[in-house]
*Asks:* 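This is the structure, below, for whatever I ask next.
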Amino acid sequence: MSIAVENKKWDAKLYDDKHSFVFKYGEDLVHLLDPKLGEEILDVGCGTGYLTNLIAEAGAHATGIDNSQEMIHKAKKEYPSINFEVLSATDFHFEKKFDAIFSNAALHWVLEKEKTIDCMYENLKTNGRLVLEMGGKGNVESIVSAIRNTLIKFGAKEKANINIWYFPSLSEYTLLLEAKGFRVKYASHYDRETELKDTANGIKDWIKMFGGSFLKNMDENIVEKLLTEIQDSLRATNFRDGKWYADYKRLRVVAIKQH
Ligand code: BEZ
């Protein structure tokens, strides 16, 4: 869940405490994966290992990789019997091949998506399955627009133009998978409005956790003003009945390695 851009440092505790919805929603994806007894399954971008553990509890031999040392440290502590490794989603290789590769809410952090697709293909057995969910086209669009508009207003045009996430359309991503040799069995691009845990400062909190790259090297006081203005600008659209919401749009895919 935390494939880092520019080696982003993750606060694994804040992630588990306030953003556990990321992996809670992923439980449903584990059902779609349908892990079987004894299967070798790799979780790419496993974060603190919650879903990797669910896969292991189903009887599979689970391995989790993430390029955040902080996340892997916490995962190992929490689930000592599972094999976790600090590895990048764009560069991993195992001696064994996997029956399935799973990834939840991680691959939108990887701008070099072709490299990841290559790695996932190479590390699967023939007829092995890839089951993934990531942000799709239009994901958190309202939040990203508010960040960009407010940065421009504050005179930080360069920061407003950075791209830290890859949110592909269904056709774009499935074409990439097919070009590599996957057979796409199932694909869906769906809306999943997501309630944020902090009722007072849900948007500020979300940006601090996930959008830190937009705020890099900025004065703390300016950051606070900026976040307040971003959050206020979203009140009419993203706040209802005392709760903040993020406009998540998910891309879910099941694909099979053919040869
Ligand atoms: C997502 O899960 O869609 C997501 C999480 C953090 C940043 C951007 C997207």
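Each ligand, and each atom within it, is numbered from 1 in the order the structure gives. In this text, all values refer to a predicted model and were calculated from it rather than measured experimentally.
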*Asks:* Within ligand 1, which atoms have a heavy atom of Trp109 less than 4.0 Å away?
*Replies:*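 Here the atoms of ligand 1 in question are 6 (C), 7 (C).
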*Asks:* Mind checking whether His108 contacts ligand 1 via backbone (N, CA, C, O), side chain (CB onward), both or neither, at a 4.0 Å heavy-atom cut-off?
*Replies:*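 Within the 4.0 Å criterion, His108 contacts ligand 1 through side-chain atoms alone.
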*Asks:* Considering only heavy atoms of Trp165, which atoms of ligand 1 have at least one such atom less than 4.0 Å away?
*Replies:*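 What qualifies from ligand 1 is 7 (C), 8 (C).
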*Asks:* Does ligand 1 have a heavy atom under 4.0 Å from the side chain of Tyr25, from its backbone, from both, or from neither?
*Replies:*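 Neither; no heavy atom under 4.0 Å.
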*Asks:* Provide the closest heavy-atom pair for Lys125 versus Lys257 in the form atom of the first, atom of the second, distance.
*Replies:*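 Taking Lys125 first and Lys257 second, the nearest heavy atoms are O-CD, 3.6 Å.
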*Asks:* Tell me, which pairs form a ring-ring contact (aromatic ring centres under 6.0 Å, His included) where one or both residues lie in residues 134-157, sequence neighbours left out?
*Replies:*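 Pairs touching residues 134-157 that pass the test: none.
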*Asks:* Closer than 4.0 Å to some heavy atom of Phe167 - which atoms of ligand 1 meet that?
*Replies:*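 Matching atoms, with element in brackets: 8 (C), 9 (C).
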*Asks:* Quick one: does Leu130's side chain get under 4.5 Å of Phe102's, heavy atoms only?
*Replies:*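 No, too far: nothing below the 4.5 Å cut-off.
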*Asks:* Centre-to-centre under 6.0 Å for Tyr166 and His108, is that the case here?
*Replies:*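 Ring centres of His108 and Tyr166 not closer than 6.0 Å.
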*Asks:* If every non-hydrogen atom of Ala75 is compared with every non-hydrogen atom of Gly49, which pair is closest and at what distance?
*Replies:*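 Minimum heavy-atom separation between Ala75 and Gly49: CB-N, 4.0 Å.
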*Asks:* Who are the ring-ring contact (aromatic ring centres under 6.0 Å, His included) partners of Phe94, not counting sequence neighbours?
*Replies:*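 Phe94 satisfies ring-ring contact (aromatic ring centres under 6.0 Å, His included) with Phe98 once adjacent residues are dropped.
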*Asks:* Output yes when the distance from some N or O of ligand 1 to some N or O of Tyr248 is under 3.5 Å, and no in every other case.
*Replies:*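 For ligand 1, there is no N or O atom that lies under 3.5 Å from one belonging to Tyr248.
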*Asks:* Can you tell me if Arg250 contacts ligand 1 (heavy atom of the residue under 4.0 Å from the ligand)?
*Replies:*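 For ligand 1, residue contact (heavy atoms, under 4.0 Å) with Arg250 is present.
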*Asks:* Show which atoms of ligand 1 fall inside a sub-4.0 Å distance from at least one heavy-atom site of Phe210.
*Replies:*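 Selected atoms, number and element: 6 (C), 7 (C).
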*Asks:* So is Asn139 touching ligand 1 or not, going by heavy atoms under 4.0 Å?
*Replies:*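 Yes.
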*Asks:* Is the ring centre of Phe182 less than 6.0 Å from the ring centre of Tyr121?
*Replies:*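 Centroid separation for Phe182 and Tyr121: below 6.0 Å.
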